[in-house]
2 protein chains.
Amino acid sequence: MADNRGMRISAKADYAVRAALELASVSDDASLKAEAIAAAQGIPHKFLEGILGDLRRGGLVVSQRGGKGGYRLARPADTIAIADVIRVADGPLVSVRGVRPPELSYVGPAESLLPLWIAVRANVRKILGEVTLADVATAELPDEVQGLAEDPEAWTNP
Amino acid sequence: MADNRGMRISAKADYAVRAALELASVSDDASLKAEAIAAAQGIPHKFLEGILGDLRRGGLVVSQRGGKGGYRLARPADTIAIADVIRVADGPLVSVRGVRPPELSYVGPAESLLPLWIAVRANVRKILGEVTLADVATAELPDEVQGLAEDPEAWTNP
DNA sequence: CGCTTCCCTAGTAAATCGATAGGAAAACTA
DNA sequence: TAGTTTTCCTATCGATTTACTAGGGAAGCG
């Protein structure tokens with residue numbers, strides 16, 4: 001009864017970020033077709049189309065139809081945080097039981113759970129909010145993040 | 001199409017932690033009945049029973065049947081991290097598309113996504129792994145966590 | 001027009017979420 | 001030993017979500 005799942009990043013969010021990275025990696029006013037992104041990243045084409053629609057409605061990408069059409073980023077890649085992409089594709093970064101931490105209320109010995117969830121959220125926000133598409137696409141993560149990822153301990157499973 | 005959900009803590013994980021906190025708040029060898037915990041925390045009784053079963057199988061609580069029965073923590077409250085409880089109730093703390101970060105493989109401009117997820121996971125682990133049931137139950141969070149939770153910015157939504 | 005590519009709506013199988021139901025098995029109590 | 005209490009186990013359930021697929025309409029271009 002205690003199996004998979006915990007705090008998960010959905011396929012949709014993962015795909016959205018990867019698609020955005022693909023767009024971030026091409027020269028500034030060039031555009032990519034959904035099919036090309038799908039092939040490059042191994043994402044189901046029609047599923048990706050829906051995700052790109054979300055990114056467009058969220059103002060992160062712009063699209064063009066027709067023969068020379070495709071998608072491109074609406075802003076420079078170094079002004080779009082990974083958090084922006086996840087939020088547009090998947091909603092709030094962190095939630096507890098479906099609601100965002102500030103809406104929760106705890107009683108008795110659980111009262112201090114609220115500040116704890118808030119702290120977790122603040123930390124996730126800090127990382128995903130400061131790392132941009134440009135950072136990831138050029139493989140130059142901020143030192144702070146790089147440091148965390150270099151600790152061999154971080155790569156081990158529980 | 002871009003609605004709720006992101007990185008979520010499930011009802012089950014939330015309930016598990018709250019139940020464990022209730023147990024942490026009573027004197028050391030006393031025990032609580034599932035019904036009492038359910039009432040104190042407003043958790044559906046039968047649902048909680050299943051969760052307490054997980055905690056028992058995970059070695060975090062011990063149980064006793066019969067008239068004077070109930071549940072108590074298997075170890076002192078200051079040796080059980082919130083992360084322990086979540087993992088036992090809900091599986092790995094952080095996962096991407098159902099699998100744990102080290103099992104992922106990215107190509108092209110998405111290559112540095114892996115270290116990014118690793119960094120996020122390391123950070124979540126750090127917080128939830130160092131805060132114990134005793135810390136939360138006594139409302140004395142570690143300074144580092146307290147600091148994060150005190151920033152007013154952390155309490156605002158996006 | 002004809003081709004391409006985005007755009008939109010619907011549907012769908014499978015899993016998960018958040019429970020509920022019913023009773024068997026143990027422990028204590030009288 | 002009978003009765004009570006409480007945990008323990010299995011099974012089920014409706015709603016929602018997840019990860020896709022299908023099919024066609026609407027732009028844009030040559």
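Throughout, protein chains are lettered first and strands after them, A, B, ... in sequence-line order, and every chain is numbered starting at 1. All values below were derived from every heavy atom in this structure, side-chain atoms included, with hydrogens, water molecules and symmetry-related copies excluded.
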Is there a donor and acceptor pair closer than 3.5 Å between the side chain of [X] and the base of [N]?
{"X": "A:Lys46", "N": "C:dG11", "result": "no"}
{"X": "B:Arg65", "N": "D:dT7", "result": "yes"}
{"X": "A:Gln64", "N": "C:dC6", "result": "no"}

When you measure from the side-chain N and O atoms of [X] to the phosphate of [N], is any distance below 4.0 Å, counting only OP1 and OP2?
{"X": "A:Lys68", "N": "D:dC29", "result": "no"}
{"X": "B:Ser10", "N": "C:dT16", "result": "no"}
{"X": "B:Arg8", "N": "C:dG18", "result": "yes"}
{"X": "B:Tyr15", "N": "C:dC17", "result": "no"}

If you check every side-chain atom of A:Arg56, which of C:dT5, C:dC8, D:dC20 has the closest atom?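 When the side chain of A:Arg56 is considered, C:dC8 is the closest of C:dT5, C:dC8, D:dC20.
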B:Ala34, nearest nucleotide to its side chain (from D:dC9, D:dT7, D:dC20):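 Closest of the options to the side chain of B:Ala34: D:dT7.
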Should we say atom NZ of B:Lys126 is surrounded by more than 12 heavy atoms from elsewhere, each under 6.0 Å from it?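 Not buried by this count: 12 neighbours or fewer within 6.0 Å.
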Measure [atom1]/[X] against [atom2]/[N] and give the value in whole Å, please.
{"X": "B:Asp54", "N": "C:dT16", "atom1": "CG", "atom2": "P", "answer": "15 Å"}
{"X": "A:Glu35", "N": "C:dC7", "atom1": "CD", "atom2": "P", "answer": "15 Å"}
{"X": "A:His45", "N": "D:dA19", "atom1": "NE2", "atom2": "P", "answer": "19 Å"}
{"X": "A:Phe47", "N": "D:dT17", "atom1": "CZ", "atom2": "P", "answer": "14 Å"}
{"X": "A:Glu49", "N": "C:dG11", "atom1": "CD", "atom2": "C1'", "answer": "16 Å"}

Measuring from B:Ser10:OG to B:Ile86:CD1, what's the distance to the nearest 0.5 Å?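 Between atom OG of B:Ser10 and atom CD1 of B:Ile86 there are 8.5 Å.
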When rounded to the nearest 0.5 angstrom, what is the spacing between CD1 in A:Ile43 and CZ in A:Arg18?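 It is 4.5 Å, given to the nearest 0.5 Å.
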Taking for each residue the nucleotide of DNA chain D with the nearest heavy atom, is it A:Ile9 or A:Gly66 whose nucleotide lies nearer the 5' end?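 So the residue in question is A:Ile9.
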DNA chain D: 5'-proximal contact among B:Leu32 and B:Arg97 (nearest heavy atom):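 So the residue in question is B:Leu32.
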Within the distance-only criterion (no hydrogens, no angle test), does the side chain of B:Arg121 pair as donor or acceptor with the backbone N or O of A:Ala154 below 3.5 angstrom?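 The answer is yes, because a donor-acceptor pair under 3.5 Å joins these two groups.
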Heavy-atom check, side chain of A:Leu104 versus side chain of A:Arg97, under 4.5 Å: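 Result yes, sub-4.5 Å side-chain heavy-atom pair found.
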